[in-house]
Structures are given as C-alpha cells and as structure tokens.
Amino acid sequence: MKAVILLSGGLDSSTVLYQAVADGYKCYAISFDYQQRHQRELKAAIAIAQSTQVLVHKVVNFDLRSWGGSALTDTSIELPSDRAVSEMSQNVPVTYVPARNTIFLSFALAYAETIAAQRVYIGVNALDYSGYPDCRPDYIQAMQEVFRLGTKLGREGQPIAIETPLINLKKTEIIQLGNQLGVPWEKTWSCYAGGAIACGVCDACRLRLAAFAELGLEDPILYRTRI
C-alpha cells in the first residue's frame, strides 16, 4: 500500500508523515517551494523526510508571488504578531494563501494516481486553524468528491482517499500523538517570519509554543522570543 504525504516540515505535517509510516504505508512525500516567505520550512521538510521511512521526497517548484494575496507570498503585507490564540480563528487571517490546499492536493492527487497510491495524507486541523477555509471538514469532503470524479481511478471505482488524522485534534493532542510516534520536533519548523531562528511572535510560533507550554514540555527549537 502506498501513500502520498503532504510535507511542509511543520509540526502537523511531520506528525502525519510519521502516522502514515505507523499505518504501514510506503510513503512518498511531496513538498512545495512556492516562493513562500518562510522557505526555511523546506529544509525542515527534507530533514523530516530523511528521518523516517520515505521512499521518495519530491519538492515541487512554482511561484505564488505572481499574484500574492497573502502575507506568506507578499512581503508588503505585514505578518500578524503577538496575537492571543483566541484571536487567530475569528477571521480568515492574512497568512491564508488563496486556494493553497486545493493547489497542493491537486499536485498530490496527480502524483498519487501516477504511482497507484491508495491514500493522500494531509495535516489540516480544524480546531487551531478554523479561520482557514481550506482546513475544514466540509472542504475535505468536497475535495474527496473531486478525487473521485476527477481521476481515472475514481471513475473506475477506486478513488484515492484523503486521510486527515489531525483534523479534530487540539495542538496539544497533536504533540502528544507525535511524541508517541517519535517525531523529532527539533527538526521541524513552524515560523512564518522567514528568519534563521523562529520569531516566537507570529501566529504559528505562538500556537506551537502555547501547546508545548500547556503540556509542560520544552519546545526544542530556538526562538528569538518565547511566550
């Protein structure tokens, strides 16, 4: 059994990769260099892929700066910082990249059908990132129908399934799962800011730090600022 894993190098996607390995799949990881502000995450994705049983790791290149529309693809848009966790899901944040997961899942679907994989794993989470429209269960259900209708395999009655093992987990629960699976957190990267050291104040850093702190654990990566 084969699975394609969307791997950003962050805490969530790294846990998903380790879960897919634990589930017994031969894993084919795919990461994306879309000229994101935080390209440092690609180094983490490579390190995570090398840390476990990945048969192939592909990095796909394209440039979403062409139209921007997000603080992650347009440096003129300021990153939110020092926000309370409760603020982060009230509205769609400027770190939302238009249709990003649709783009990513389309690449993953094409790759999965080509190699005859049965599953595509993605680390979307509806609890911590409910402000992102493409991380919600109804979106995943709709994309599952696209997988069924838009592929030869799907039309032949063998649709590729989207696996979302983290979608209903809190960030603390994801860390606990990752600990059980042996995810090397020191190799992961969550910061949006794009520096050599995690900023500690962007939304991704604050969510991550708050979860580790709630569990009474020390996040092993370096930060310029810790909450």
(message) Tell me which pairs pass salt bridge (Lys or Arg N to Asp or Glu O under 4.0 Å) where either residue lies in residues 44-59, with sequence neighbours left out.
(response)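 Passing the test, one end in residues 44-59: no pairs.
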(message) Ring centroids only, cut at 6.0 angstrom: are Tyr34 and Phe104 within range, meaning strictly under it?
(response)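 So the answer is yes for these two rings.
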Is the number of heavy atoms from other residues, nucleotides or ligands under 6.0 Å of [X] [atom1] greater than 12?
{"X": "Lys2", "atom1": "NZ", "result": "yes"}
{"X": "Gln53", "atom1": "CD", "result": "no"}
{"X": "Glu156", "atom1": "CD", "result": "yes"}
{"X": "Glu214", "atom1": "CD", "result": "no"}

How many angstroms lie between [atom1] in [X] and [atom2] in [Y], if you round to the nearest 0.5 Å?
{"X": "Leu207", "Y": "Leu11", "atom1": "CG", "atom2": "CG", "answer": "10.0 Å"}
{"X": "Cys191", "Y": "Leu79", "atom1": "SG", "atom2": "CG", "answer": "8.0 Å"}
{"X": "Tyr25", "Y": "Leu55", "atom1": "OH", "atom2": "CG", "answer": "14.5 Å"}
{"X": "Thr15", "Y": "Gln176", "atom1": "OG1", "atom2": "CD", "answer": "11.5 Å"}

(message) Could you check whether any side-chain heavy atom of Cys27 comes within less than 4.5 Å of a side-chain heavy atom of Leu17, counting everything from C-beta outward?
(response)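 Counting from C-beta outward, Cys27 and Leu17 do come under 4.5 Å.
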When you check the gap from the basic side-chain N to the acidic O, do [X] and [Y] get nearer than 4.0 Å?
{"X": "Asp219", "Y": "Arg208", "value": "yes"}
{"X": "Glu173", "Y": "Lys170", "value": "no"}
{"X": "Asp74", "Y": "Arg65", "value": "no"}
{"X": "Lys171", "Y": "Asp12", "value": "yes"}

(request) Among Ile, Leu, Val, Met, Phe, Trp and Tyr joined by side-chain contacts under 4.5 Å, find the other residues sharing a cluster with Val94 and list them by chain and number. (result)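 In the cluster with Val94 are Ile77.
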(request) Give a yes-or-no answer on whether the side chains of Ser13 and Tyr121 include a donor-acceptor pair shorter than 3.5 Å. (result)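 The answer is no; no qualifying pair exists.
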(request) Would you sort out whether Arg100 and Asp134 count as a salt bridge (charged side-chain N to carboxylate O under 4.0 Å, His left out), showing the intermediate values? (result) CA-CA 8 Å; Arg100 181 176 63 178; Asp134 55 359; 5.5 Å; no
(message) Using modelled atom types and a 3.5 Å cut-off, is there a donor and acceptor pairing between side-chain atoms of Arg206 and backbone atoms of Gly200?
(response)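 Such a contact is absent between Arg206 side chain and Gly200 backbone.
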(message) Can you classify the ring geometry of Phe62 versus Phe107 as parallel (below 30°), tilted (30 to 60°) or perpendicular (above 60°)?
(response)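 Plane angle under 30°, so parallel.
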Acceptor/donor pairs from residues 108-115 side chains to any protein atom, 3.5 angstrom cut, sequence neighbours excluded:
residue : atom : partner : partner atom : Å
Glu113  : OE2  : Lys152  : N            : 2.9
Glu113  : OE2  : Leu153  : N            : 2.9
Thr114  : OG1  : Ala110  : O            : 2.7

